[in-house]
Each structure stands twice: as C-alpha cells, then as structure tokens.
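Worksheet for the structure shown next.
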Amino acid sequence: MNAPERDVKVDASLGDILRTTKGLTTNQVKQALDYQHEHKVRFGDAIVALGLARPEDIVWALSQQFHYPYTPTKEQTLNEELVVANDPFSEEVEAFRDLRSQLLMSVMSGHGTRSALALVSPDVGDGKSFIAANLAVAFSQLPGRTLLIDADLRAARLHKLFGVDAGSGLTSILAGRAEANVIKPVGHLPNLYLLPAGVDAPNPVELLQQSAFSLLLCDLQEKFDYVLVDTPAASHGSDARIIATHCGSALVIGRKNRSSAPHLQKLVKQLTKGSVKLAGVLMNEF
C-alpha cells in the first residue's frame with residue numbers, strides 16, 4: 001500500500017520556466033526584464049504587457065516555481081467541486097487554507113499522539129464530502145504527503161470527484177482481500193493520494209468496528225503526513241462515530257440554513273463522550 005516517493009524538485013526562475021513551457025527566447029526574457037526595470041512592475045506583469053504570455057500562463061508558471069499544484073487548463077481541470085485544485089488563488093479558497101491552519105494548530109499539530117481526522121456531519125447533504133475533498137487538496141499543497149480515505153461505505157463518492165478507479169479499496173482491506181496499489185495517486189496533485197471505499201459491502205458497521213481498521217490507520221499515519229477520513233452521515237447510524245473513535249479526532253460539519261442545531265448538538269455530545277478530540281464545528285456555506 002506504500003505510495004511512491006515524490007520526485008526531487010529543483011527550483012527554477014520564472015524566466016526559465018516560461019522559456020521551457022512557452023518557448024520564450026533569451027532575448028524576449030531580456031526584453032521583459034528591461035520593461036520590468038523601466039516601468040517598476042513585476043516580471044510576470046512585464047511578460048503579459050509585452051504580449052509574450054497570458055495572465056493565466058504567469059499564474060501557472062508561478063505555481064510551478066513555488067511547487068504549488070495548479071490545474072488551469074480545461075484538459076487538466078479536475079471535477080468542478082474541487083475548487084481548491086481548480087482555482088487555488090481565489091478568495092473563496094482562503095477559507096480552506098484558514099481551516100487547514102486552524103487544524104494544524106490544534107488536533108493535527110503533531111504534538112503528542114498523532115491522529116487521523118474524521119469529517120462527520122449529522123445529515124446527508126451537509127457537504128461533508130465536498131469539504132473533505134477540498135481540505136485534502138489544501139493539505140496536499142503543503143510539503144509532505146496527504147491521504148484521503150473514503151470510509152463512507154454507504155454512499156461513497158470521492159472516487160468520482162477525483163476520477164480514480166474504485167474497484168478495490170477500504171472494504172477489500174477490511175475484508176482481508178487487499179490487492180496491490182489500493183491507494184491511488186490523484187492526477188495533477190502530486191502530494192495527494194486516495195484510498196477509495198471500494199466495492200459495496202453488506203455489513204459496513206461490522207467492517208468498520210473491527211480492530212483491523214485501527215491498525216490500518218496507525219500504519220497509514222506512519223506513511224503519510226496528513227490523513228483525513230470521510231464518513232457517512234450520522235443519520236445512517238453509528239458508522240461516523242465508530243470511524244471518529246478509530247481516528248482519534250473529528251471535525252463536525254453542518255450546512256448553513258439547513259442543519260438543525262439539535263442534530264449538531266447531539267452529534268457533538270456523542271463524539272465527546274468517548275476519546276475523540278473535537279476540532280470544532282464548521283458551518284458549510286458552499
């Protein structure tokens with residue numbers, strides 16, 4: 001189940017990247033540098049002003065310079081729900097970066113016992129998988145490797161969002177039928193990996209309840225820097241609470257103007273009865 005080692009990245013100047021990817025000549029780069037100094041603008045702005053590249057080309061080149069995964073072209077764009085991957089420089093995406101920072105300073109700080117983070121919600125339609133997917137993308141933009149596990153064995157959809165094969169996955173591992181390469185790399189996002197739910201199982205609660213799940217999480221936390229786990233809605237039963245207990249920490253997600261306060265309070269109370277560290281309650285506005 002080991003993920004492949006990442007390639008060693010070599011820093012390059014913006015001019016070098018544009019020479020390689022856009023075919024700029026040394027003379028054109030010099031023209032842009034002269035324009036930059038004369039007009040007191042940034043190098044990328046000079047390139048655009050001279051008509052040597054488009055603004056989106058500069059954004060892409062900057063993302064490569066700073067090793068920041070970005071997929072701006074229609075051919076490369078991931079599912080439209082993956083806003084952090086498709087438009088990482090938008091103001092809306094700052095909410096995910098802020099959430100990532102808060103988690104890194106609290107339940108995912110790395111101090112003491114490491115824990116995976118379960119994302120839980122009271123009801124279907126709260127946007128939990130949307131939050132889980134985009135938060136995982138946000139974590140993958142940090143140094144290190146991020147693993148997103150689809151533990152929603154009732155209505156799995158992360159494999160569809162990321163466009164990976166779901167033929168084998170978590171259910172296969174928990175049933176003792178694990179195949180090689182069940183952890184799938186996500187295209188265009190080199191630090192992100194997905195463990196899909198796998199084939200439908202008639203007994204999801206029993207599979208999740210067994211100690212094999214805890215052992216699996218412990219093993220994966222040694223191999224990945226950040227582990228996030230999507231769960232079924234709490235309205236489906238005890239799955240989410242079981243998963244959160246195995247993970248050790250949880251983020252409760254509700255939906256603005258939709259989730260009921262009593263349902264959220266009930267879920268928070270159930271989680272805090274055990275050993276789960278509660279990261280907080282997030283109200284999804286998307």
Side-chain angles (χ1 to χ4, degrees), residues 1-2 103 107-108 112-126 128-129 131-133 135-136 146-159 166-184 193-224 226-254 263-281:
M1 292 184 295
N2 288 358
L103 292 169
V107 296
M108 301 180 76
T113 304
R114 292 187 64 189
S115 63
L117 178 70
L119 293 106
V120 302
S121 71
D123 302 300
V124 175
D126 288 330
K128 173 181 44 55
S129 294
I131 298 293
L135 185 58
T146 298
L147 174 65
L148 177 59
I149 300 174
D150 193 344
D152 186 348
L153 305 187
R154 297 176 184 269
R157 63 187 297 262
L158 291 180
H159 63 284
S168 60
L170 181 59
T171 54
S172 301
I173 297 173
L174 297 181
R177 300 193 307 273
E179 304 171 17
N181 302 318
V182 290
I183 293 178
K184 316 291 173 63
Y193 298 83
L194 175 67
L195 173 55
V199 298
D200 292 341
N203 57 336
V205 174
E206 287 75 18
L207 284 176
L208 295 168
Q209 193 107 45
Q210 58 189 346
S211 59
F213 189 32
S214 280
L215 294 173
L216 173 65
L217 286 172
C218 289
D219 182 51
L220 292 173
Q221 286 176 79
E222 293 299 319
K223 295 178 172 63
F224 292 88
Y226 311 106
V227 178
L228 289 79
V229 186
D230 193 18
T231 69
S235 57
H236 282 308
S238 59
D239 306 40
R241 300 195 302 276
I242 293 169
I243 295 167
T245 300
H246 284 308
C247 289
S249 64
L251 174 67
V252 176
I253 297 167
H263 287 178
L264 283 168
Q265 291 168 347
K266 179 181 178 182
L267 180 55
V268 168
K269 186 176 181 180
Q270 289 171 332
L271 291 170
T272 52
K273 275 184 178 179
S275 56
V276 179
K277 292 184 291 184
L278 191 62
V281 177

Heavy-atom pair of closest approach, residues [X] and [Y]:
X: D152; Y: A155; value: OD1-N, 3.0 Å
X: A136; Y: T146; value: O-CG2, 3.7 Å
X: A244; Y: A118; value: CA-CB, 3.8 Å
X: S129; Y: D230; value: OG-OD2, 2.6 Å
X: L228; Y: M108; value: CD1-CE, 4.4 Å
X: L195; Y: V182; value: CD1-O, 3.7 Å

For the pair [X] (side chain) and [Y] (backbone), establish whether a donor and an acceptor sit closer than 3.5 Å, ignoring hydrogens and angles.
X: D150; Y: L158; value: yes
X: T171; Y: A197; value: yes
X: E222; Y: D219; value: no
X: Q210; Y: L174; value: yes
X: Q221; Y: A116; value: yes
X: T231; Y: L119; value: yes

Inset, instruction - Count the heavy atoms belonging to other residues, nucleotides or ligands that lie under 6.0 Å from CG of N203, then report whether that count exceeds 12. - result: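 Yes, the 6.0 Å shell around CG holds more than 12 heavy atoms from other groups.
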
Inset, instruction - Report, as yes or no, whether the 6.0 Å neighbourhood of atom NE2 on H263 holds more than 12 heavy atoms from other residues, nucleotides or ligands. - result: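 Counting other residues, nucleotides and ligands, NE2 of H263 stays at 12 neighbours or fewer.
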
State the [atom1]-[atom2] distance between [X] and [Y], to the nearest 0.5 angstrom.
X: K184; Y: N181; atom1: NZ; atom2: CG; value: 8.5 Å
X: L208; Y: H246; atom1: CG; atom2: NE2; value: 7.0 Å
X: L170; Y: I183; atom1: CG; atom2: CD1; value: 10.0 Å
X: S214; Y: I243; atom1: OG; atom2: CD1; value: 11.0 Å
X: R154; Y: H236; atom1: CZ; atom2: NE2; value: 7.0 Å
X: L148; Y: H159; atom1: CG; atom2: NE2; value: 12.5 Å

Legend entry - Single hit among V268, L251, I253 for side-chain contact (heavy atoms from CB on, under 4.5 Å) with V281: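 Only match with V281 under side-chain contact (heavy atoms from CB on, under 4.5 Å): V268.
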
Legend entry - Member of D239, L153, V205, V120 meeting the side-chain contact (heavy atoms from CB on, under 4.5 Å) criterion with P232: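 Exactly one candidate clears the test, D239.
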
Legend entry - Any side-chain heavy-atom pair of L117 and Y226 under 4.5 Å: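 No, too far: nothing below the 4.5 Å cut-off.
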
